[in-house]
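Hydrogens, waters and symmetry mates are skipped; everything else that's a heavy atom, side chains included, is used.
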Amino acid sequence: MQPDRTAELVRLLRQRILVLDGAMGTMLQQCKLAPGDFRGHFHDHAHELAGDNDLLVLTKPEVVREVHDRYLEAGADIIETNTFNATSIAQGDYGMEGQVRAMNVAAARIAREAADAWTARTPGKPRFVAGVLGPTNRTASISPDVNDPGARNVTYDQLVAAYSEAITGLVEGGVDILLVETIFDTLNAKAALFAIETFFAKAGQRLPVIVSGTITDASGRTLSGQTPEAFWNSVRHVQPLAVGLNCALGAALMRPYIEEIARVADTFVSCHPNAGLPNPMADTGYDETPAQTSALLEDFAKSGFVNIVGGCCGTTPAHIKAIADAVAALPPRAVPQVDACPA
């Protein structure tokens, strides 16, 4: 990303609340893709590939592009690459570790082309691409074996290597932002952030970074045991463009935790909750309608909690349009000056 693009993004964040897109997985599930759509040209691959959504950037790129276009049409300022599981660790389940670099490059390019096309159509509303780095399906802090608390199925160094490969591909593909999201284990996030900082040092360039944690239940903590304030203090050293919360909870249950982040963080705050709680009977698999989700995020905006809003699991272009409309006339949160170690 060029320095003027970074400056433009910061300028916009000071002017208005920006809108992130919604769930990629929800939209891909609605496409009713067949196993062959996932397999594509990987005819002889030994593993089952159905359900590997990240692989679709190589086998069905037009489907991923259509999802991006629908969110951009709905009003998203920032779209996320389809790379939530595009690390060698997560792709190990499908035996597709060798395609990780290609996945990240392709996903970034698809999103880049979509964002640029919409920016050209609406020059007064520039669009940005966030390169997604998901949490992986392993945790560096928690044992996978209840009988052995000290056991681990991944090391910090393995996480750093996996994230480094993904970051290289995302930047090569042309992302504007790196988004470390759905953080349930802060040690995993620290590995991602170390990989990012190492990449920046070697490349001689920096991109804005957004860090988004996940409060897993009513305990108000991440899966690895941190409160929102503790989580922020664990990642603030990288001076992210924004910090926030996503996934696991709907906005109603997330409210006290995003309020806490907004109180302690001396940077922009992002929030993209699920569309309420899971409901297998609902069309999207989640309870909330666009009107309900947007009303809750409108309350966050009126309360001065947020600078970036969007949707996670269960949200659709209809949700994003409703959210964009709800916050369009509301001012962004004013970034406070906060002591690093308050008394």
Side-chain angles (χ1 to χ4, degrees), residues 54 80 83-93 97 100 104 130-170 177-202 207-249 254 257-258 260-261 264-265 267 269-270 272 312 340-341:
D54 305 72
E80 302 169 78
T83 53
F84 186 79
N85 287 308
T87 59
S88 57
I89 292 171
Q91 285 299 314
D93 287 353
E97 302 95 319
V100 165
N104 283 278
V132 170
L133 297 164
T136 83
N137 52 356
R138 299 186 185 183
T139 168
S141 293
I142 303 169
S143 172
D145 182 356
V146 296
N147 297 310
D148 184 0
R152 297 292 184 272
N153 58 10
V154 70
T155 67
Y156 181 85
D157 288 344
Q158 288 171 332
L159 287 163
V160 170
Y163 281 124
S164 296
E165 182 180 26
I167 292 160
T168 301
L170 290 170
I177 303 161
L178 291 172
L179 169 57
V180 184
E181 71 159 334
T182 319
I183 298 164
F184 59 82
D185 181 349
T186 307
L187 187 55
N188 285 42
K190 281 181 170 289
L193 296 171
F194 178 78
I196 288 171
E197 290 297 318
T198 302
F199 177 87
F200 289 165
K202 290 180 179 178
L207 297 180
V209 176
I210 298 176
V211 182
S212 184
T214 295
I215 301 301
T216 53
D217 54 38
S219 70
R221 295 174 180 269
T222 63
L223 191 63
S224 57
Q226 287 190 309
T227 63
E229 183 172 2
F231 167 70
W232 162 241
N233 283 310
S234 294
V235 301
R236 66 180 301 169
H237 64 283
V238 300
Q239 298 181 317
L241 173 74
V243 65
L245 299 174
N246 77 288
C247 206
L249 304 176
M254 192 182 284
Y257 314 127
I258 202 70
E260 185 175 346
I261 289 281
V264 299
T267 191
V269 168
S270 68
H272 52 296
C312 201
C341 297

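Annotation: the span from L187 atom CG to T139 atom OG1 amounts to 7.5 Å, rounded to 0.5 Å. The distance from atom SG of C247 to atom CD1 of I183, rounded to the nearest 0.5 Å, is 12.0 Å. The CG atom of L170 sits 12.0 Å away from the OH atom of Y163 when rounded to the nearest 0.5 Å. In this structure, CZ in F199 is found 5.0 Å from OG1 in T168, a value given to the nearest 0.5 Å. A distance of 9.5 Å separates OG in S141 from CZ in F184, rounded to the nearest 0.5 Å.
The two residues E165 and S88 come nearest to each other via the heavy atoms OE1-CB, 3.9 Å. Heavy atoms only, all atoms of each residue included: P228 and G220 are closest at CD-O, 3.3 Å. Closest approach of G244 to I258, counting heavy atoms only: CA-CD1, 4.4 Å. Nearest heavy-atom pair across T216 and L249 is O-CD2, 4.3 Å. Among all heavy-atom pairs drawn from L179 and A130, the shortest one is CB-CB, 4.2 Å.
The side-chain heavy atoms of W232 and P240, taken from C-beta on, include a pair separated by under 4.5 Å. Between V243 and I261, some side-chain heavy-atom pair lies under the 4.5 Å cut-off. The shortest distance between side-chain heavy atoms of L207 and F200 falls below 4.5 Å. With contacts defined as side-chain heavy-atom distances shorter than 4.5 Å, the pair I196/V180 qualifies.
Of the possible polar contacts, none joining the D185 side chain to the L223 backbone as a donor-acceptor pair under 3.5 Å is found. Of the possible polar contacts, one joining the S143 side chain to the D148 backbone as a donor-acceptor pair under 3.5 Å is found. Proximity of a side-chain donor or acceptor of R221 to a complementary backbone N or O of A218 within less than 3.5 Å is not detected. Although no hydrogens or angles enter the test, the distance criterion places a donor-acceptor pair under 3.5 Å between the side chain of T83 and the main chain of V132.
Residues passing the side-chain contact (heavy atoms from CB on, under 4.5 Å) test with S234, sequence neighbours excluded: T186, K190, Q226. In this structure A90 satisfies the side-chain contact (heavy atoms from CB on, under 4.5 Å) test together with N85, T87, N137, sequence neighbours excluded. Listed by chain and residue number, E181, T182, S212, T214, H272, C312 satisfy the side-chain contact (heavy atoms from CB on, under 4.5 Å) test with N246 (two or more places apart in sequence, or in another chain). Remark: T155 engages Q158 in a side chain to side chain donor-acceptor pair (under 3.5 Å) (not counting sequence neighbours). Every residue meeting the salt bridge (charged side-chain N to carboxylate O under 4.0 Å, His left out) condition with E197, not counting sequence neighbours, appears here in chain and number order: R206. In this structure, the side-chain contact (heavy atoms from CB on, under 4.5 Å) partners of R138, at least two apart in sequence or on a different chain, are I89, T136, N153, V154.
Enclosure of atom CZ in F194 is not indicated, since only 12 or fewer non-hydrogen atoms of other residues, nucleotides or ligands lie within 6.0 angstrom.
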Any chance you could lay out the side-chain contact (heavy atoms from CB on, under 4.5 Å) test for L241 and V209, step after step, and finish with the verdict? CA-CA 5 Å; L241 173 74; V209 176; 5.9 Å; no
Using the rule given for side-chain contact (heavy atoms from CB on, under 4.5 Å), can you reason through I215 versus F231, listing the C-alpha separation, both sets of side-chain angles and the distance that settles it, and then say yes or no? CA-CA 10 Å; I215 301 301; F231 167 70; over 6 Å; no
